[in-house]
There are 2 protein chains.
Amino acid sequence: MEQTYQHARQLVAVDCIIFGYEDADLKVVAFQRKLNPGRGAWSLVGGWVNHDESVEEAAQRVLHEITGLENIFLEQVEVFSKIDRDPGDRVISVAFYAFMRIGQQDKKLVEEYGAHWFSLRELPELVFDHQDMLDKALDKLRRKASYQLVGSELLPDRFTLLQLRKLYEAIYQRELDPGNFRKKVLGLGILRQLSSKDMSESKKGAYYFKFKKAGTGQNMERIIKL
Amino acid sequence: MEQTYQHARQLVAVDCIIFGYEDADLKVVAFQRKLNPGRGAWSLVGGWVNHDESVEEAAQRVLHEITGLENIFLEQVEVFSKIDRDPGDRVISVAFYAFMRIGQQDKKLVEEYGAHWFSLRELPELVFDHQDMLDKALDKLRRKASYQLVGSELLPDRFTLLQLRKLYEAIYQRELDPGNFRKKVLGLGILRQLSSKDMSESKKGAYYFKFKKAGTGQNMERIIKL
DNA sequence: ACAAAAGTGTTTCGGCTACACCCATGC
DNA sequence: GCATGGGTGTAGCCGAAACACTTTTGT
């Protein structure tokens, strides 16, 4: 099924904004670019799209190569295709954002590639249009998190409502009322309370929660007003 | 600046969901495909992406070729890239939706290409994954229209609030309260009332309105609850 | 005793909904 | 006079926001 159509072909890439959560802060992965042009500059994680894979599969493959993880949560952001966005050649890039737990094992793998986790406010200047990609990704993440509870891919397996609230505060860069947040989130009915408590963050101890059937429960109720 | 990178190159296309509004109904353009495979099947408007244009520019060019119009309102929907989505070859397609006033002149141009305006409910089966594209586009349109007043590209230059409300009813396939819709929309402060009235739709006559400074005024207030 | 987070309850306020109601006019 | 859409007003409901208050326990 090759070459049915005769037309100019393009280099197609994927670039991934990898979000992580640590120390009550939203972070992203950037690494020092190894190719010219722009060698050494900070860049998002990216790679080429092959003939035998969709852009989603390409993104999964690229992320797997770097982190060793499979089935990473991915969301398409937008296509970036200005003809001179990459000074080296005409490259059409599909941006994705991904969620990843920041842990020791990933950290090591990530750092083998010269990659680092940056807090959003400490991010260095990024190469090409990668800052635009990040801005759009953040925008999309905020929109999504406003009507769907996110976090199962960023937080530990079990977590307290304090952790979840701090994550939301990091995403929106503003404080949320603890009582109201609790009522809202529990009212969604998509968290299951465990019998064990976390004793590290408070004297009284806070119950752990888990997401029921991760991924489903797309309940589209408004969580926070943008 | 060519061939800096050595990697497989892909056919990249754009496909456009062209929305129009007529007879209190939302419509889309489909036409009979001229290429094999799928020749004769109903298809969205599409074309290849050249080396010297972004995907947005490609979409504008394709729409211009068919309608003669320039500067059409366009919004990126999503990339469709399953490897077998087009049985003829591996084609990565970027879907867009566009707004277009349905008028005599466009109609003629459109029909020269074997294209027709279809009401959403009367749409024939579409080729490949074009129905998926349409579904996603509708989804995105509904989301956008819920927090930004749309319509300046679909309605005539000046329009009554009845027309605007009917457009929204067509988009969401449900009835909206006339009084509440009026208050909500006028409260946004992005419409300018003209001194002339439309006498065709009611005995009393309804004032015409225009969008202030079309395009700006992105005021992000919620218009309707999804 | 105090601080700090957990967890629950309460009050207030604003916006949305669902109407009621008058206006203007062609039939 | 009556039907139809234009246009305005309003009572009631519901959810969000703000915040008071009680619990628990480490220091």
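Naming: A, B, ... by sequence-line order, numbering from 1 per chain.
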Q) When the ring planes of A/Phe159 and A/Phe211 are compared, do they come out parallel, tilted or perpendicular, using 30° and 60° as the limits? A) tilted
Q) Is the NZ or CZ atom of B/Lys27 both under 6.0 Å from the centre of the six-membered ring of B/Phe118 and within 45° of that ring's axis? A) no
(Q) How would you summarise protein contacts on nucleotides 17-27 of chain D per nucleotide, using B for base, S for sugar-phosphate only and - for none, with heavy-atom distances below 4.0 Å? (A) BBB---BBBS-
Q | Side-chain donor-acceptor contact under 3.5 Å, B/Gln60 with B/Glu70 | A | no
Q | Side chains of A/Thr160 and A/Phe209 in contact at under 4.5 Å (non-hydrogen atoms) | A | no
Q. With nearest nucleotides of DNA chain C determined for A/Glu201 and A/Pro178 from heavy-atom distances, which residue corresponds to the more 5′ nucleotide?
A. A/Glu201
**Q.** Ring geometry between A/Tyr97 and A/Phe99 (parallel below 30°, tilted from 30 to 60°, perpendicular above 60°)
**A.** tilted
(Q) What I want to check is whether the side chains of A/Arg158 and A/Tyr207 have a donor and an acceptor closer together than 3.5 Å. (A) no
Q: Name the first nucleotide and the last nucleotide along DNA chain C (5' to 3') that come under 4.0 Å of a heavy atom in chain B.
A: C/dC16 to C/dG26
(Q) Hydrogens and angles aside, do A/Glu125 and A/Gln131 bring a side-chain donor and acceptor to less than 3.5 Å of each other? (A) no
Q: Using the test salt bridge (charged side-chain N to carboxylate O under 4.0 Å, His left out), find all partners of A/Glu57 that sit at least two apart in sequence or belong to another chain.
A: none
Q | Members of residues 155-163 of chain B that approach DNA chain C, where some heavy atom sits under 4.0 Å away | A | none
Q) Any salt bridge (charged side-chain N to carboxylate O under 4.0 Å, His left out) pairs touching residues 166-191 of chain A, not counting sequence neighbours? A) A/Arg165-A/Glu169, A/Lys166-A/Glu169, A/Lys184-A/Glu221
Q. Rounded to the nearest Å, what distance is computed from the NZ atom of residue A/Lys184 to the P atom of nucleotide D/dG15?
A. 8 Å
Q: Hey, which sits more toward the 5' end of DNA chain C by its nearest nucleotide, A/Arg165 or B/Arg222?
A: A/Arg165
Q) So, is B/Arg182 close to the D/dT8 phosphate, meaning a side-chain N or O under 4.0 Å from OP1 or OP2? A) yes
Q.
Which residues pass the side-chain hydrogen bond (donor to acceptor under 3.5 Å, both in side chains) test with A/Tyr208, not counting sequence neighbours?
A. A/Asp198
